[in-house]
Amino acid sequence: MEKSFHERVIEIIKNIPEGRVATYGQIASFAGNPKAARQVSYILHSSSQKENLPWHRVINSKGGISLKFEGGYELQKKMLMNEGIIFNNNDIIDLKQFLWRP
DNA sequence: TTACTGACCTTTT
DNA sequence: AAAAAGGCCAGTA
């Protein structure tokens with residue numbers, strides 16, 4: 001019996017260390033579905049605060065935040081900066097440095 | 001039950 | 001190299 005994708009994603013996000021970020025595609029891939037990256041976003045919104053998950057450590061493939069300025073863009077940026085992550089001039093994170101790789 | 005949406009990714013032109 | 005289109009899965013109404 002295997003866990004659902006929902007639980008799987010949460011487990012992975014919980015395993016993201018500090019000062020590191022993970023992309024949706026990566027999480028989905030580790031969850032078992034490389035093409036379910038969209039679900040990761042949905043799950044985050046569904047149970048991020050519920051499960052107390054570090055949703056701020058989850059970003060898109062570009063290394064930037066897909067949220068809107070009113071959706072918490074500044075909030076996430078602030079959280080990541082607080083962890084030690086640095087943003088480029090384009091508001092992009094250096095995936096080469098902060099991308100979480102197990 | 002079916003249909004639609006979604007904090008996306010990958011591949012092709 | 002950049003831009004555009006398609007595709008897939010899961011949850012919610």
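Computed from a predicted structure; not experimentally measured. In the text below, chain A, chain B and the rest are named by the order of the sequence lines, each starting its count at 1.
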- Item | Under-3.5 Å donor-acceptor pair between A/Y24 side chain and B/dA7 base | yes
- Minimum-distance nucleotide to A/S61 side chain [options: C/dA10, C/dT12, B/dT10]: B/dT10
- Counting side-chain heavy atoms from CB outward, which of B/dG6, B/dC9, B/dA7 is closest to A/S41? B/dA7
- Message: Taking any heavy-atom pair under 4.0 Å as a contact, classify A/G71: base, sugar-phosphate, or nothing.
- Response: nothing
- Whole angstrom value for the distance that separates P of B/dT10 from NZ of A/K62: 12 Å
- Query: How far does CG of A/N15 sit from CD1 of A/I27, to the nearest 0.5 angstrom?
  - Reply: 11.0 Å
- Task: Please check the phosphate of B/dC8 (OP1 and OP2 only) for any side-chain N or O of A/S66 closer than 4.0 Å.
- Result: yes
- Roughly how far, to the nearest 0.5 Å, is CD1 of A/I12 from NZ of A/K14? 12.0 Å
- Item | Contact check, side chains of A/F87 and A/M81, non-hydrogen atoms, under 4.5 Å | yes
- Nearest listed nucleotide, side chain of A/R38, among B/dC9, C/dT12, C/dG7: C/dG7
- A/I10 CD1 to B/dA7 P, straight-line distance once rounded to whole Å: 17 Å
- Identify which nucleotide among C/dA10, B/dA7, B/dC9 has an atom closest to any side-chain atom of A/F5, counting heavy atoms from C-beta outward. C/dA10
- Query: Is any N or O donor-acceptor pair between the side chain of A/Q39 and the base of C/dG11 shorter than 3.5 Å?
  - Reply: no
- Query: Given atom CH2 of A/W55 and atom C1' of B/dC8, what is their separation to the nearest angstrom?
  - Reply: 17 Å
- Item | Distance, rounded to the nearest Å, where A/I27 contributes CD1 and C/dA10 contributes P | 16 Å
- Task: Would you kindly give the CG-to-P distance between A/L75 and B/dA7, to the nearest whole Å?
- Result: 16 Å
- Among C/dG11, C/dC9, B/dC8, the one nearest any side-chain atom of A/H6 is C/dG11
- Message: Contact between A/Y24 and A/Q39 at the side-chain level, heavy atoms closer than 4.5 Å - yes or no?
- Response: no
- Task: Starting at atom NE2 of A/H45, determine the distance to atom P of C/dT12, rounded to an integer number of angstrom.
- Result: 13 Å
- Integer-rounded Å distance: B/dT10 P and A/K35 NZ: 10 Å
- Query: Taking NZ, NE, NH1 and NH2 as the nitrogens, is one of them in A/R20 or A/E83 under 4.0 Å from a carboxylate oxygen of the other?
  - Reply: no
- Note on the structure: Rounded to whole Å, the CD1-P distance (A/I92 to B/dA7) equals 18 Å
- Note on the structure: Mate of B/dT2 across any strand shown (Watson-Crick or G-U wobble, both atom pairs under 3.5 Å) is C/dA13
